[in-house]
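Below: one structure, written as structure tokens.
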Amino acid sequence: MGSIGNGRSVSVVGIQMPPAGSKTVVEPGLPVTTSLVPTWPRLSMIMVATRAAALVMALLSVSLMVSSKQQGILTIFGIEIPLYANWSFSYSLQFLVGMSAATAAYSLLHLLLIAHKAVKKVPVVPSRRQTWLLFAGDQVFSLAMMSAGSAAAAVSNLNRTGIQHTALPNFCKPLPRFCDLSAASIACAFLSCAFLATSAVIDVIWLSGLRDE
């Protein structure tokens, strides 16, 4: 408090200046620009969830297809013909199993890298170069899974409907378990493809928010 000649007291307002040598500069009126990625804290969780889902669907596709084996009897004009169905008899189904296994390994590798960063308390946000690599990998495996699923779906549909204008019957009647497991495996492969495509979209969002290195 300070006094003035007429006896009245007034308050003295002190303004604290930054210490000498400080490099803090505040410019009012200018917007503060930050990276786009940190404004979405849930984006990293969505990225982990989509890759985990792609891993689970790929593993299910492999396990269901590998277990699709069955023996049955086909009756044509009163003649009983023994049948044995196995996924390894078809190149298309082999291609689906191989691509599903490769997709599962790819997704597992990325999840392990995320877990390694989490253990070391390193930010999960990848660099721009790493994001480009992830984007390319997601695109390649997504298209490969779509191709493998489409090829396997054609074989499965042929087994279920037979060939028109020929004597080739519906093999799924004597072999229902084989056809059902194959169809479930193909559905899981397409779901894995969808999750990989979603991961590619997330990669684009990362790229839009990361600054050039």
Side-chain angles (χ1 to χ4, degrees), residues 25-27 29-66 91-157 182-213:
V25 179
V26 179
E27 296 183 8
L30 294 179
V32 179
T33 58
T34 58
S35 177
L36 183 63
V37 173
T39 61
W40 295 339
R42 295 184 180 179
L43 192 60
S44 59
M45 298 177 58
I46 297 175
M47 179 179 65
V48 173
T50 54
R51 295 190 183 279
L55 171 62
V56 172
M57 290 297 105
L59 290 176
L60 283 176
S61 179
V62 172
S63 61
L64 289 173
M65 186 60 73
V66 170
Y91 290 115
S92 297
L93 301 184
Q94 292 178 12
F95 179 47
L96 177 62
V97 171
M99 282 310 309
S100 297
T103 301
Y106 167 76
S107 301
L108 179 61
L109 177 61
H110 186 64
L111 289 176
L112 290 177
L113 291 176
I114 294 176
H116 179 69
K117 290 183 177 180
V119 170
K120 287 192 171 184
K121 297 182 179 180
V122 178
V124 181
V125 180
S127 64
R128 194 173 188 84
R129 183 178 302 175
Q130 293 173 347
T131 306
W132 274 114
L133 292 176
L134 289 175
F135 176 72
D138 292 341
Q139 288 287 336
V140 170
F141 280 95
S142 176
L143 294 176
M145 287 296 290
M146 181 180 294
S147 176
S150 299
V155 174
S156 179
N157 184 66
S182 299
S185 175
I186 295 169
C188 290
F190 281 120
L191 287 175
S192 180
C193 171
F195 285 119
L196 286 173
T198 304
S199 297
V201 174
I202 296 175
D203 295 336
V204 174
I205 298 176
W206 282 122
L207 288 172
S208 65
L210 291 174
R211 297 185 179 91
D212 294 331
E213 293 182 350

The test is side-chain contact (heavy atoms from CB on, under 4.5 Å); show your working for Phe195 and Met57 and say whether it passes.
CA-CA 9 Å; Phe195 285 119; Met57 290 297 105; 4.0 Å; yes
[X] (side chain) donor-acceptor with [Y] (main chain) under 3.5 angstrom:
{"X": "Ser63", "Y": "Leu59", "value": "yes"}
{"X": "Ser147", "Y": "Leu143", "value": "no"}
{"X": "Ser92", "Y": "Val155", "value": "no"}
{"X": "Ser107", "Y": "Thr103", "value": "yes"}

Pair Ser182, Met65 - check side-chain contact (heavy atoms from CB on, under 4.5 Å), show working.
CA-CA 6 Å; Ser182 299; Met65 186 60 73; 4.0 Å; yes
Would you please test Val62 and Val66 for side-chain contact (heavy atoms from CB on, under 4.5 Å) and show each step?
CA-CA 6 Å; Val62 172; Val66 170; 4.1 Å; yes
Return yes if a side-chain donor-acceptor contact under 3.5 Å exists between Ser199 and Thr50, otherwise no.
yes
Check: Ser185/Ser61 side-chain N/O donor and acceptor closer than 3.5 Å:
yes
Nearest atoms (heavy-atom pairs only) where [X] meets [Y]:
{"X": "Asp138", "Y": "Tyr106", "result": "OD1-OH, 2.7 Å"}
{"X": "Ala54", "Y": "Ser192", "result": "O-OG, 3.3 Å"}
{"X": "Leu96", "Y": "Ala152", "result": "CD2-CB, 3.7 Å"}

Evaluate the criterion side-chain contact (heavy atoms from CB on, under 4.5 Å) for residue pair Arg51 and Thr198; output intermediate values, then yes/no.
CA-CA 9 Å; Arg51 295 190 183 279; Thr198 304; over 6 Å; no
Which residue in the set Ser142, Ser150, Cys188 passes side-chain contact (heavy atoms from CB on, under 4.5 Å) when paired with Cys193?
Ser142
Rounding to 0.5 Å, atoms CD1 (Ile205) and OG1 (Thr131) come to a distance of 12.0 Å
Value rounded to 0.5 Å, distance of CG in Leu55 from CG in Leu60
9.5 Å
